[in-house]
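Reviewing the structure listed below.
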Amino acid sequence: MSSAGTTLKHYFVNHEQQFDAAKLGMWLFLVTEILLFSGMFVAYAVYRSWHPEVFAQASELLDWRLGALNTVVLLASSFTVALSIHFVQKGENDKVVVLLLMTLLCAAIFMVVKYFEYSGKFSHGVFPGAGFEPHGIVDGKDYSKYDIPFAPQFFSIYFVMTGIHGVHVLVGMGLFGWLITRVARGHFSPQWYTPVELTGLYWHLVDIIWIFLFPLLYLI
Amino acid sequence: MSEASHNYLSAKKGLWSWLATTDHKRIGIMYAIACGTFFLLGGILATFVRTELGTPGETILDQDGYNQIFTLHGVVMVFLVIIPAIPGILGNFVLPIQIGAKDVAFPRLNLASWYLFMAGALMAVFGWLFVGNVDTGWTFYTPYSSGASNAVLWLTSAVFVAGFASIFTGLNFIVTVHKMRAPGMTWNRLPLFVWAIYATGIVQVLATPVIGITMVLLFLEKLMQIGIFDPALGGDPVLFQHFFWFYSHPAVYIMILPAMGIISDLMGTFSRQQVSGYTFIALSSVAIAFLGFLVWGHHMFVSGQSALSSIIFSMLTFLIGIPTGIKVFNWVATMYKGSVWLRTPMIYALMFLFLFTIGGLTGIMVGVLAVDVHLHDTYFVVAHFHYVMMGGALIGLIGGLHYWWPKMTGRMYNETAGIIAAVLIFIGFNLTFFTQFFLGSRGMPRRYHDYTELLENFPEFAALNMASTIGSYILGIGLLMILVYALYSLFKGPKAPANPWGACTLEWTHTGPLPDEHNFHETPLVTRGPYDFHLADDVFGPKEEN
Amino acid sequence: MAQGQHHIIPIRTLAVVFGVLLFLTLVTAVTARVDLGALNVPLALIIAGSKAILVALVFMALKYDNKVNLLVLVLGVVFAVVFLALTLADTEFRGDIGITEPGTTELSVEPVESE
C-alpha cells in the first residue's frame, strides 16, 4: 500500500466504489460476529429460562458497579472513535491521533477492570467448568453458598461470553495501535480513510455486544 | 488480440506466482486441485465403507475401523469437498467474469480464504493421523464427542478454521455482486449462476459463524467441562444439535444452491433458449437461502425436542419444496421447444434433474413426522442425502466443470469419453443408492459395520448390499475415467475456441479461449440479458467484439 | 476525492447521543435495583436495544449511509432472533410429547406387561 492518501486498486473503477465495497464487506463481517455471539446468547437464554432463580442468585457474585464502570468506559471509547472519524473526514489528523489514543486508553481500562474481576473470581474458586468450587467470603457474600446446581452453567456462560468479548477488545486495541502509527505518519486524508472507518465500525459493534452483556449478566 | 501468448496462465510463471496470486481465476484453480484431492480421498474412504458392507460379517474393517472410516468420509466430503467446491472453484473462476469485473472485491481476502481452507484441512488430517481416532460421525454429537479422543479437538478446530474460509468466500462474492458489476449489468441481467452463488453467500455469511461458536463451545466442553452440552454436567445434548443444525442444515443449501445455478446456466445454453421463469429461478434461490434457516429441527424429530417444535419444523420443511419445485419446473420448461444439444455438460444437467428430484422428494418424505420416526437413522436417510449431495451438488459440479473446462484450461476434452463416463456414473450412482432406499425402508440402520444378525429376518439385505457395493465400484470407475481424460485433455487435448458452446454470458463472449490476466481488454458494456440468444448474433460476430 | 463528499456527523449530534447513552446506562442500572417483577428483563432488554440502535444509527452512521448496509445488519439480527426463537420453541416446551420423563415411560409400559 502506498503512503499517498489515495490508493485505488486496479480492479476498482473509482474510490467511491472501493470505499463502498470495503464498507459493505465490513458490515457483512460484523453480521458474522453477531451470529457468532448469538450462539452464546441462545445458550444463555435457554439456561436462564430453565433455571431463573439460579441465574439470579449466581449473578449476585458479579459486581454490577464494575460492570457499569466498564459500560461507561466502552461508551466513551465509542464516542471518541466516532469523533476521530469526524476529524479524519475534516483532515485534522492531530486530533485524530489524540482521540484514538484516548480510545486505546479506554480499551486498556476496560481490560484492567476485567482482569481484576477475573482474578477476583479465580482466587475464590469460581472457574468455568470442572474447576468450579467457590469458597471464601467477599463483601459479606459467602461464596461457598453459591456452589449450587447449574451455577457452573451461569459462570461458564459468563466466562465464555466475556472472554470472547475480551478477545475482541484486545484485537481492537491492536488495530487502534496500528491505526495511530499510520495516522501519525500521515497515511490518511479526507480522501482516503477507509481503515479508520472500518476499525470504527468494528469497535462500535464490540460496544454494542457489551451493551447487551452488561444487563444480562450483571443486572437481571 | 493475441490470447495465445497472453493469458492468465502465461502471465506469470513459477510456483510462487500461484501461491501468492490474487487472481480469482488462479485461486479457483487452486481450489480445484485441493478439492479434487480431497474428493479422491473421500471417494477412497467411501469405497472402503461399501466394501465392508458388500458382504455380511467382517470383510476388510473391524467395527472401530469402520466407525473411523465413515466419520472421516463424512468430514472430508462435507467440509472439504462439497461445501467449498462449487463456490471455491467455479464461483471464483466464473463469477467475476460473468458480471464483467476485473476481480473479486477483496482479492487478498480471497487468497487468505484458500490458505485458511488448507490450514483447516491439514489440521483435520493431522488430528486423524497423529492424535487419535475419531469415530463420532461427521456431526460430532455430544456427549459422545466430548468424551472421545483428543483428535476431536483437532477436527473441531479444523471445522472452525475451514468455516472462516467459507465465510470469507461468501462475503467476497456478495460484495462483488453488489459493487463490481460492469456497466449495463443490471440485477435482472445477472446469469442465474451468479444469483445462486449470491444466495449461497448469504447463507455462508449468516450460518457459518454459528458452527464456529458451536465448535468453540464443544472444544471448551471437552477441554474444561463447561457443562453446556454434556448431560453429565447438567448440560443439554439436544442444545448441541440445535447449534449444529442451525449451521449444518443451511449448509445443505450452501452445497446445493450453486449446483442449481450451474444447472440453470446449462439449461439455457444447451437448449439455446431464454431460461424459462428467469426471475422466479433467481428469487427462488434467495427464498431457499432464507427458508433454509427455518427448518433445521427436522434433523431432530427423534432427539427428544418438544413436539411443538417438531411440528413447526416439519411444516416449514414442506415450504422448501415450493421454491425448489419452481426451479425444477422452469428447467423442464426451458427445454420445451428449445434446441437441445446433448453435450456432456447437458447430460449432467439432465442427470441432475432426475437425481435431484428423487433426492428432493424423499426429503419431503422424511420431513413428515410420523414417517421420519420409522426412517430416522436408516439407510433411507443415507440414500436421500446422497441423492441430494452427490446426485445434486456433485453432479452439478461435474457438469459445471465440463462446461467451463475449455475456459479454464484452453483445451477440449474427448466428448465420447465424457458421455461414456457420464453413463457409468449414472448407472453406478443409482445402483449404489437406489438400493439403499429399499434397505432403509426395511429398517437397515446406518452406521453399522455389520448386518449378519439382521439377515435372519431380512435375507434380502445381502443381495441389496452387494448390489449397492457393485454400484459404488461402477461409480468409482466412472469418476476415475473423468480424471484420466481430464489429465489427457490438459496436455494433449485440442485447443478450445473462445466460445465452444455458443453461450451468451460474458465469460464466453468477451474473453479469449483463455481469459486475460485481468479478464477483459476493456470493461464490457452489457446491453442484453444472459440468455438472450435471439440477440446473440450481433455479439458473436468478430466485428462487434468489444 | 469521492470520500470528501461523505456525510460528516456534527460533533453536537455525537455528543448528544453519547449523553443519552450514559443516561440510559444509569436508568438501566437503577431500575435493575428495583424489583419490578416480570418487567425487569423486558425493560433491561428494551433499554439495551435502544442503546444499540442509537450506536448503530449515529455512531456507525447507518442513518446517513447506503441503505444496503442497514439491510445487512437487519438481516443479521433477524436470523439471530430466528435462531433464538426456534431453539426456545423446543427448550420451553421440552417434554410436551410426554415420554421423555423417566417415570412416564415405565408407567406406560407396565400395564402392557401385566396383561
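These numbers were taken from a predicted model, which means no experiment stands behind them. Proteins get letters first, then strands, A, B, ... in listed order; numbering begins at 1 in each.
Below 30°, between 30° and 60°, or above 60°: for B:Phe244 and B:Phe240 the angle between ring planes is below 30°, a parallel geometry.
The candidate with the highest count of non-hydrogen atom pairs below 4.5 Å against chain C, out of B:Leu206, B:Leu239, B:Leu316, is B:Leu206. The most heavy-atom pairs under 4.5 Å with chain C, out of B:Phe290, B:Phe293, B:Trp296, come from B:Trp296.
Between the CG atom in B:Asn172 and the CE atom in B:Met180 there is a gap of 9.0 Å [rounded to 0.5 Å]. Interatomic distance, CD of B:Gln241 versus CG of B:Asp236, reported as 9.0 Å (0.5 Å rounding).
Contact annotation for B:Ile174: neither backbone nor side-chain heavy atoms come within less than 4.5 Å of a heavy atom of chain C. Interface residue B:Val210: only side-chain heavy atoms are found under 4.5 Å from chain C. For B:Ile312, the part sitting under 4.5 Å from any heavy atom of chain C is the side chain, from C-beta outward, and nothing else. Residue contact with chain B, scored on non-hydrogen atoms closer than 4.5 Å, involves the side chain of C:Val68 exclusively.
Tested against B:His299, the residues B:Gln305, B:His376, B:His249 include a single side-chain hydrogen bond (donor to acceptor under 3.5 Å, both in side chains) partner, B:His249.
A donor-acceptor contact closer than 3.5 angstrom is absent between the side chains of B:His298 and B:Asp372.
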